[in-house]
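What follows is one structure encoded as structure tokens, with my remarks underneath.
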Amino acid sequence: MELVERVEKYKQDQEETYRELRENPMDLDALFQTVVKAVHYDYVGFEAKRRYFMPGEYHTYVFSHFRFDSLTMEMLVRSLHQFAGDMHDRRLRFHCDDWIDYRNLAMKYRVRAYGDSLYVTWAAPETGLVAGDRILTVHRMTPEKVRSFMRKTAFYSDVPERELWGGYLRMARSLEVMHEDGSRERKTVELWPAQEEEYEISFRMLDADTSYLRLERMDREAMGRILAEHGEEIAGSGKLILDLRRCVGGDEDGCWDLFPWLVDREYDIRRLLNDEGSYVLFTKNNCDRRYGTLKVFRESLADPAQIALIEEEMEIWRQNYGKGLVYQPPAPAEEQYIVPAQRAPGKVVLLTDTFCENEGEQFAAMCQRCGSKVVTIGRPTMGTLDYYDCVHLAVNEHMTLSYPIRMTKAAYEGRGISEKGLPVDEYIPWTPEEIHEDRLLNRARQI
């Protein structure tokens, strides 16, 4: 009787697992073709990333399971997520509704790769993990075996220090862990509903002469509060340490009020931005998609001045319809000068790491152009600035592909930073000792 009950329960579980695709079938061929063709023909970074383009493997995986009636919605979206992630461009993303997206589960711990282990750098108490734990295997595979199994393309880099394991570990339940006392444990790690992540934006004086700003997000409002409250302390300090190691982006101009303390002489803001123009991929699809978006937006406007600006941009897409890659010069900008503050730190130390990206990385690049006062230590940033200006393509009612259509002139000429990041003046490799000792901050205080 017990065996019969187990079999019935298994059948019920299977029915629930496969219910969505059975009750709401979709044209998988059309879905795959839409995604693959967009990446191949309409994504501006394709030629630079061509070596990572392997859609056949995911097509075979999905259709093999579909043939044997064992394909789940989660398996499908996981494959499409990984196909997009394989291209090593954080701006190229596959999105879908929360209820079918495994990435909307929360993994309440963070890891960093070092050699053939993953080291826990932070963990919530409910995980049973603690900072310093060493993950030896994931589902009984060593990290090196996982890398080989995933063709070393699933982690945005083949350099352990720069690997991003979060997406893969969101699918992992079984871990073999070595604690710092040498004991080993096999753990089953739970996943939780996704929570809005908190990003630290804080200020403190490390000593009488050293001010410290930690910026995990570019936030105009938060920065305004900090400067109103602590601006005099920053101005009067001999050294300012700007910690951008985990700055994920945010408001593009969220921290520009810092520049008078950073520059060593008067600068035109255009020089700090270093806008050389860009190359736009004007394929017919991109023109149709962007033009359609602009048209809908124009119809929602009432201000004649705003309507005129949108129609001017629409004209660009009409004139370049189907022309392919076309250089667009920098947009005209008013002269705006940054003048050094009368009271300012004599030295600025910028801390960066792999996890600095998007607007945070753009701000780091501007800081590095501020002159002789600024020195950067740590690790190169993520490298997300080469390709930008994303088009959002609805694959079906549940799924969207977001891909860039514009590249910097530097990327076009082979001077880009994709997969390399912004260089640092003093490179300090990551080691597990950094879990308990902030070696970068200690070094910044010595400079």
Side-chain angles (χ1 to χ4, degrees), residues 17 72-86 88 90 92-114 116-147 149-150 152-157 160-180 184-200 216-217 245-249 353-358 360 382 384 430 432 434-436:
T17 298
T72 68
M73 186 68 81
E74 182 182 353
M75 292 163 67
L76 172 62
V77 300
R78 187 172 65 212
S79 295
L80 292 168
H81 273 306
Q82 290 176 350
F83 166 62
D86 276 1
H88 287 208
R90 296 274 285 173
L92 175 65
R93 295 291 188 94
F94 179 79
H95 311 269
C96 56
D97 294 350
D98 288 356
W99 62 273
I100 53 173
D101 191 348
Y102 76 96
R103 297 192 314 175
N104 288 307
L105 296 173
M107 191 188 80
K108 295 188 178 182
Y109 64 101
R110 291 195 290 262
V111 304
R112 192 136 193 184
Y114 183 77
D116 195 26
S117 295
L118 305 177
Y119 285 83
V120 178
T121 58
W122 169 86
E126 56 266 34
T127 63
L129 300 167
V130 296
D133 280 348
R134 182 180 170 191
I135 298 175
L136 304 177
T137 65
V138 181
H139 286 303
R140 300 185 183 274
M141 292 192 294
T142 65
E144 186 56 38
K145 191 170 182 179
V146 173
R147 291 182 185 110
F149 174 69
M150 302 295 288
K152 297 194 176 185
T153 63
F155 309 106
Y156 288 96
S157 177
E161 180 181 76
R162 295 180 61 81
E163 290 176 343
L164 305 181
W165 280 79
Y168 185 82
L169 291 177
R170 279 190 178 91
M171 300 180 283
R173 299 290 302 279
S174 173
L175 307 176
E176 183 185 356
V177 177
M178 177 183 286
H179 301 296
E180 289 189 298
R184 296 192 181 203
E185 180 183 5
R186 188 167 296 282
K187 296 187 66 64
T188 299
V189 180
E190 297 295 329
L191 293 173
W192 289 266
Q195 300 173 331
E196 188 171 345
E197 192 163 350
E198 295 182 5
Y199 298 97
E200 183 179 345
E216 294 189 354
R217 186 171 181 83
R245 285 177 284 182
R246 294 193 63 84
C247 191
V248 297
D353 202 345
T354 303
F355 311 105
C356 176
E357 59 181 332
N358 302 325
M382 184 73 73
T384 56
W430 189 87
E434 202 167 308
I435 296 171
H436 300 301

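Remember, it's a predicted structure, so these values are computed and weren't measured experimentally. Any value given below was found using the heavy atoms of this structure, including those in side chains, with hydrogens, waters and symmetry copies removed.
F355 and M382 make their closest contact through CA-CE, 4.2 Å (heavy atoms, listed as atom of the first residue, atom of the second, distance). Residues A172 and V138 come closest through the heavy atom pair CB-CG1, 3.5 Å. When all heavy atoms of W430 and E161 are compared, the closest pair comes out as N-OE2, 2.6 Å. Considering all non-hydrogen atoms of both residues, P160 and A113 come closest at O-CB, 3.4 Å. Closest of all the heavy-atom pairs between P143 and S117 is CG-CA, 4.0 Å. The minimum heavy-atom distance linking R217 with G249 is given by the pair CG-O, 3.4 Å.
By the 4.5 Å heavy-atom criterion applied to side chains, L136 and V177 are not counted as neighbours. Between Q82 and M171, some side-chain heavy-atom pair lies under the 4.5 Å cut-off. Within the 4.5 Å cutoff, no side-chain heavy atoms of E357 are placed close to those of C247. With contacts defined as side-chain heavy-atom distances shorter than 4.5 Å, the pair R186/S174 qualifies. Residues F83 and L92 are not in side-chain contact: their nearest non-hydrogen atoms beyond the backbone lie 4.5 Å or more apart.
H139 contributes a side-chain N or O that, together with a main-chain N or O of R173, makes up a donor-acceptor pair within less than 3.5 Å. For D133 (side chain) and V120 (main-chain N/O), no donor-acceptor pair under 3.5 Å exists by modelled atom type. E216 places a side-chain N or O within donor-acceptor distance of the main-chain N or O of E200, the cut-off being under 3.5 Å.
Atom CZ of residue R78 and atom OH of residue Y168 lie 9.5 Å apart, to the nearest 0.5 angstrom. For the atom pair CG of L129 and CG of L175, the computed distance is 6.5 Å after rounding to the nearest 0.5 Å. A distance of 4.0 Å separates SG in C96 from NE2 in H81, rounded to the nearest 0.5 Å. Remark: K108 NZ to T127 OG1 distance equals 9.0 Å, nearest 0.5 Å.
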Would you sort out whether I135 and Y119 count as a side-chain contact (heavy atoms from CB on, under 4.5 Å), showing the intermediate values? CA-CA 6 Å; I135 298 175; Y119 285 83; over 6 Å; no

What's the verdict on salt bridge (Lys or Arg N to Asp or Glu O under 4.0 Å) for R134 and E180, showing C-alpha distance, side-chain angles and the deciding distance? CA-CA 8 Å; R134 182 180 170 191; E180 289 189 298; over 6 Å; no

Could you walk me through whether Y156 and T354 pass side-chain contact (heavy atoms from CB on, under 4.5 Å), step by step? CA-CA 11 Å; Y156 288 96; T354 303; over 6 Å; no

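Between E176 and R140 there is no salt bridge, since no side-chain nitrogen of the basic residue lies less than 4.0 Å from a carboxylate oxygen of the acidic one. Using a cutoff of 4.0 Å between basic side-chain nitrogens and carboxylate oxygens, R162 and D353 are not scored as salt-bridged. Note on R112 versus E163: no salt bridge recorded, every NZ/NE/NH1/NH2 to OD/OE distance being 4.0 Å or above.
For T142, the side chain to side chain contact (heavy atoms under 4.5 Å, CB included) partners at least two apart in sequence or on another chain are D116, T137, E144, K145. With sequence neighbours left out, the side chain to side chain contact (heavy atoms under 4.5 Å, CB included) criterion links R110 to T121, W122, E197, R246.
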